[in-house]
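Per chain, numbering begins at 1; letters A, B, ... match sequence-line order.
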2 protein chains.
Amino acid sequence: MTENLNVINPDIPSDYESLKARISTLSDSMPKRLLQCARYALANPDRIALGTTAEIASAAGVQPSTLVRFAQTLGFDGFSQMQQIFQGQLVGRNSEYTERLTKIRESGANTPGSILSSFAERSKQSLDELVRQIDTNAMQSAIDMLTGAETIHLLGLRRAYPVVSYLHYTLGKMGVHTNLLEGTGGILEERLQFISEKDALFVSTFSPYSPEVVELASKAFGRGVSVIALTDSVLSPIARVSSTVLEVNEAEHGAFRSLSTTMCLATSIAVAVGDARKWTSLS
Amino acid sequence: MTENLNVINPDIPSDYESLKARISTLSDSMPKRLLQCARYALANPDRIALGTTAEIASAAGVQPSTLVRFAQTLGFDGFSQMQQIFQGQLVGRNSEYTERLTKIRESGANTPGSILSSFAERSKQSLDELVRQIDTNAMQSAIDMLTGAETIHLLGLRRAYPVVSYLHYTLGKMGVHTNLLEGTGGILEERLQFISEKDALFVSTFSPYSPEVVELASKAFGRGVSVIALTDSVLSPIARVSSTVLEVNEAEHGAFRSLSTTMCLATSIAVAVGDARKWTSLS
DNA sequence: TCACAAGTGGAATATTTATTCAAAATAGAA
DNA sequence: TTCTATTTTGAATAAATATTCCACTTGTGA
């Protein structure tokens, strides 16, 4: 490991922006090969972040040792230390959120305001991730299935219940025929007979997954019903018994998870389905 | 370098999506530690991309060698080969993401992606607003009332129902005694008698406000019960009949509103109350 | 309960990777 | 040109990292 001195050494750029600034200042007085490094680094930051000295050096047309000298010229101990800055940049957008979060955490204890800010920050982060990671094909096929269904059956217990009850409300308001499956155990099982193959089953469950929900979905799926699952991981047991899986990583604060992101996705789906139904019913 | 064989070996996932699919398929037959790796990898892909076996292993609570076995189970030669897939994902996404966003904005059409990103964008704005505009005094007094209450009665219909049902679940999980008021009209009215003055009533309603909710809150308030209202405007009829008002401006897309922001606030309150109760019950 | 298979931990090893260093090359000044 | 100060090179070295291997543990079916 590197010395602790570095942490307080003001000569070491601590983020990508200041590193870029440093490079541009020093580039005037740089000899040929170091300039070559500078150009390459600014043009291919991703490669610096992920590559090894050997790979990068050969791509930039210099020696590995030159790369080390380059990093040292900029104030770093060596190449590895500089590389971390490039890696931080690659992780990208998240850095601004984590920065604000540490500020919130530093600023003090569990005041209502700080809890709220923390949840809000994480929710925003989580929303970004949602848009970035969403499988639009899966989303489209979910919407198609829900649009084509005669009745949409909705199933979700515990934390997932608010999600499906909101879908029930929203879809209902748009004139889509929905059926909210409630109750547990045997009562729930009995509902299965009312789900026809022309229908769709929208099911949601999060870790720790409700066994009764998975089981009912599994039986419906086995009978040929379109099953759309909204869950938190592809490892979810529901993933194996559904036609389409929508994955969402919910924001959390300590051990507690909000529903912000999940609700955003659910609402979007409801609106898309409502929209699609409107067009098909008009024709 | 690895053997060329790997390039044509169909058993090796070549991109992040197929890797995820592979993990999902094989996770059934995975023993404890490998499952642990699988979960960690899916939850922290960035760390897999950038970390060393030692770092990742300790973060995931396994041995470095287990990480290697995990990669081999998925068909890779070793950890390093698997890591490349995660790195590829990391590089691709930033550029892809912005690219996708501009495409969505340009097209303007109501594709699933555009609806989702619009909701997500507005939700983020709305969350910012929430943190900025929240009346922390009101929030604190709401938390105090809910903490001091013997039983917390929860009331909300239509769009507000998911909010209170989520509070019901979350508070319940923290050991807080709650009572979710359901039904409409006369049935609802009858519940009033079970609300004691030592209790608190958490009520939520949004425009167009449910008359039955306002009426029940009004009666409870008249009888001296602490009423905490979560609504969308200080002009809400519920504001005049409650001890504390929490206001939230929800994100909307066209005529449709999400519940992201409201859920964020509700969760924060639940966590704060759970926290406060823990301390008071300990003393 | 036993025997056997499967899985796991962690030290030992092999490999890769960063870094150093001294010799060689280059550029600049007189 | 010659001398000196810089810069570069690339092999040598040190550090780190991934991977293997085997003793040990855990689980399983008879």
(message) Just to verify, what does Phe119(B) make a ring-ring contact (aromatic ring centres under 6.0 Å, His included) with, not counting sequence neighbours?
(response) His253(B)

(message) Applying side chain to side chain donor-acceptor pair (under 3.5 Å), can you list everything that pairs with Asn44(B), at least two apart in sequence or on another chain?
(response) none

(request) Can you tell me the distance, in whole Å, between the CG atom of Leu34(A) and the P atom of dT8(D)? (result) 5 Å

(request) Rounded off to whole Å, could you give me the CD-to-C1' distance for the Gln83(B) and dT17(C) pair? (result) 13 Å

(message) Rounded to whole Å, please give me the gap between CG in Leu26(A) and P in dT7(D).
(response) 13 Å

(message) Measure CG/Leu50(A) against C1'/dT17(D) and give the value in whole Å, please.
(response) 17 Å

(message) Please report the distance, rounded to the nearest Å, between CG in Leu35(B) and P in dG7(C).
(response) 12 Å

Collect all protein-nucleotide pairs involving nucleotides 19-26 of chain C in which both atoms are nitrogen or oxygen and the distance is under 3.5 Å.
residue	atom	partner	partner atom	Å
dT19(C)	OP2	Phe79(A)	N	2.6
dT20(C)	OP2	Gln72(A)	NE2	2.9

(message) Testing the 3.5 Å rule here: is there a donor-acceptor pair between the side chains of Ser141(A) and Asp144(A)?
(response) no

(request) Provide, to the nearest angstrom, the distance between the CG atom belonging to Leu67(A) and the C1' atom belonging to dT8(D). (result) 14 Å

(message) Looking at Gln63(B), I'd like to know whether one of its side-chain N or O atoms comes within less than 4.0 Å of OP1 or OP2 on dT8(C).
(response) no

(request) Go through the structure and list residues passing side chain to side chain donor-acceptor pair (under 3.5 Å) with Ser204(A), not counting sequence neighbours. (result) none

(message) Tell me every residue that passes side chain to side chain donor-acceptor pair (under 3.5 Å) with Arg69(A), counting only those two or more places apart in sequence or in another chain.
(response) none

(request) Please figure out whether Thr52(B) or Pro31(A) has its closest DNA chain D nucleotide nearer the 5' end. (result) Pro31(A)

(message) My understanding is that only residues two or more places apart in sequence, or in another chain, count here; which of them pass ring-ring contact (aromatic ring centres under 6.0 Å, His included) with Tyr166(B)?
(response) none

(message) In this structure, how many angstroms lie between the P atom of dT8(D) and the NZ atom of Lys32(A), rounded?
(response) 8 Å

(request) Could you state the atom-to-atom distance from CE of Met30(B) to P of dT26(D) in whole Å? (result) 22 Å

